[in-house]
Amino acid sequence: VQLQASGGGLVQAGGYLRLSCTASGRAFSRHAIGWFRQAPGKEREFVGSIDGSDGTTYYSHSVKGRFTISRDNAKNTAHLQMNSLKPEDTAVYYCAAREGAISTFGRAFPYWGQGTQVTVSS
C-alpha cells in the first residue's frame, strides 16, 4: 500500500482544513487508516484512526470534537477534517495504514505517506 497525503497549508486560528490520504494498492477496505502529526522538536503524536470496514473512529483527547476522520473505500481515500484549528495543531501530518483494527500506536502501522504541513497562525 502506498499513501499520499495532501491538503495542508496555512490557516488562521479558528479556521479549518481538510486533509486527504489517497492509497494505491489492493484491499483498501481491509486497512485501518491512522493520522499522526509531528511538530518541530516534538515526538510523533497520534491524532485519530478509522477502521477499514465499519468506519469506527477513535481520536486523541486533544482533537476530539474538532477533527473528524472519514473514508471512501470506493475511491481509496480517507480524509481528516480539521475544524476550530489552534496554533498548537501546527505540525506535519501523516496518514498511515495497517491491515486489521484501528490502533493508536504508530509502530503498528507499516505503511506511511510522506506528510503534509499544517500551519495555524494566531
Side-chain angles (χ1 to χ4, degrees):
V1 176
Q2 292 182 320
L3 303 173
Q4 177 85 23
S6 62
L10 173 64
V11 64
Q12 289 188 333
Y16 63 92
L17 280 174
R18 188 189 193 212
L19 305 185
S20 296
C21 178
T22 302
S24 60
R26 299 181 178 179
F28 179 71
S29 63
R30 289 211 307 259
H31 291 76
I33 298 296
W35 286 95
F36 296 81
R37 65 187 182 186
Q38 188 165 20
K42 295 187 177 182
E43 293 188 353
R44 185 175 60 196
E45 175 189 18
F46 170 77
V47 173
S49 186
I50 185 168
D51 185 81
S53 56
D54 66 11
T56 300
T57 54
Y58 186 80
Y59 301 94
S60 71
H61 178 74
S62 62
V63 308
K64 191 173 183 179
R66 299 188 297 123
F67 291 11
T68 303
I69 300 173
S70 61
R71 65 188 295 157
D72 184 341
N73 287 340
K75 296 182 179 179
N76 278 17
T77 302
H79 300 284
L80 176 64
Q81 178 69 41
M82 306 185 295
N83 298 331
S84 301
L85 282 163
K86 304 175 182 180
E88 52 263 44
D89 294 319
T90 295
V92 177
Y93 283 71
Y94 299 89
C95 62
R98 70 184 298 268
E99 287 200 57
I102 60 176
S103 176
T104 63
F105 298 101
R107 61 181 180 269
F109 291 82
Y111 309 107
W112 289 80
Q114 87 289 0
T116 185
Q117 176 70 46
V118 171
T119 302
V120 184
S121 63
S122 57

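Bear in mind that the values here come from a model prediction, so they are computed numbers and not experimental data.
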Would you mind reporting whether V118 and M82 have side-chain heavy atoms less than 4.5 Å apart?
yes
Which value, rounded to the nearest 0.5 Å, describes the distance between R66 atom CZ and S84 atom OG?
7.0 Å
Walk me through whether S70 and Q81 qualify under side chain to side chain contact (heavy atoms under 4.5 Å, CB included).
CA-CA 8 Å; S70 61; Q81 178 69 41; over 6 Å; no
Would you say the side-chain atoms of Q114 pair up with the backbone N or O of A5, donor to acceptor, closer than 3.5 Å?
yes
To the nearest 0.5 Å, tell me how far L80 CG sits from C95 SG.
10.0 Å
Verify side chain to side chain contact (heavy atoms under 4.5 Å, CB included) between V47 and Y59, making sure each step is shown before the conclusion.
CA-CA 6 Å; V47 173; Y59 301 94; 5.8 Å; no
So, using ring-ring contact (aromatic ring centres under 6.0 Å, His included) as the criterion, who are the partners of Y94 when residues are at least two apart?
none
Are the side chains of S49 and F109 in contact, using a 4.5 Å heavy-atom criterion?
yes
Tell me whether I50 shares a hydrophobic cluster with V1, the cluster being built from Ile, Leu, Val, Met, Phe, Trp, Tyr side chains joined at under 4.5 Å.
no
Taking the side chain as every heavy atom from C-beta outward, state whether D72 and F28 have any pair of such atoms under 4.5 Å apart.
no
A101 and D51 have their tightest heavy-atom pair at CA-OD1, 4.0 Å
Counting only heavy atoms not in E88, do more than 12 fall under 6.0 Å of its CD?
yes
Mind listing the side-chain donor-acceptor pairs of residues 11-23 below 3.5 Å, one per line with the distance, residues two or more places apart or on another chain?
unit_1 : atom_1 : unit_2 : atom_2 : d
R18    : NH2    : H79    : NE2    : 3.4
S20    : OG     : H79    : ND1    : 3.0

Can you name the closest pair of heavy atoms from G7 and T116 and give their distance?
N-OG1, 4.0 Å
Run the side-chain contact (heavy atoms from CB on, under 4.5 Å) test against Q117 and tell me which residues pass, sequence neighbours left out.
T90, V92, T119
Nearest 0.5 Å, what's the CD1-NE2 distance between I102 and H31?
15.5 Å
For residues 99-108, which residue pairs qualify under salt bridge (charged side-chain N to carboxylate O under 4.0 Å, His left out), counting only residues two or more places apart or in two chains?
R30-E99
Who are the side-chain contact (heavy atoms from CB on, under 4.5 Å) partners of T104, not counting sequence neighbours?
F46, Y58
Review item, side-chain donor-acceptor pairs of residues 34-42, under 3.5 Å, at least two apart:
unit_1 : atom_1 : unit_2 : atom_2 : d
R37    : NE     : E45    : OE1    : 2.8
R37    : NH1    : D89    : OD1    : 2.9
R37    : NH1    : Y93    : OH     : 2.9
R37    : NH2    : E45    : OE1    : 3.4
Q38    : NE2    : K42    : O      : 3.1

Between R71 and T77, is any pair of side-chain heavy atoms under 4.5 Å apart?
no
